[in-house]
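Beneath this line is the structure, given in structure tokens, with notes to follow.
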Amino acid sequence: MTLLRMAASYRQSADLIRLRIIALRDAAGTAPPEERSRLEQRIRELNTLYRETRETALVLERYYDRRDRANGCRRV
């Protein structure tokens, strides 16, 4: 599997995570307080996972792009 294919897979996973976050936000809006708290915690966890997945996709997409490196260091 090439890095670009891996990046596309990560992007697709990020899209699925984003859809799940949206569904959980909708559910939290009508949930009882104790369940709302649990759903909000899950949303926070998924937001972190979503951000990291998108960042990984970006790194994989730009891995061979020399313009994205400054003095041998990759920028994310």
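The distance from the OG1 atom of Thr56 to the CD atom of Glu61 is 11.0 Å, given to the nearest 0.5 Å. A distance of 10.5 Å separates OG1 in Thr53 from CG in Asp15, rounded to the nearest 0.5 Å. A distance of 8.0 Å separates CG of Leu58 from CD of Glu55, quoted to the nearest 0.5 Å. In this structure, the separation between CD1 on Ile17 and CZ on Arg20 is 11.5 Å, given to the nearest 0.5 Å.
Heavy atoms from other residues, nucleotides or ligands lying under 6.0 Å from CZ of Arg11 number more than 12. By the 6.0 Å contact criterion, OH on Tyr10 is open, its count of non-hydrogen atoms from other residues, nucleotides or ligands being 12 or less. By the neighbour-count criterion of 12 heavy atoms within 6.0 Å, atom CD of Glu40 is densely surrounded, having more than that number from other residues, nucleotides or ligands.
In this structure, the side chains of Asn47 and Ile21 come closer than 4.5 Å at one or more pairs of heavy atoms.
No hydrogens or angles considered: a donor-acceptor pair under 3.5 Å links the side chains of Gln41 and Arg44.
When all heavy atoms of Leu39 and Ala31 are compared, the closest pair comes out as CD1-CB, 4.0 Å. The two atoms that bring Tyr64 and Leu3 nearest to each other are CE1-CD1, 3.4 Å, heavy atoms only. Residues Arg54 and Ala14 approach most closely at CG-CB, 3.9 Å, considering heavy atoms.
For the pair Ser9 (side chain) and Arg5 (backbone), a donor-acceptor distance under 3.5 Å is absent.
Taken together through direct or relayed side-chain contacts under 4.5 Å among Ile, Leu, Val, Met, Phe, Trp and Tyr, Met6 and Tyr63 form part of one hydrophobic cluster.
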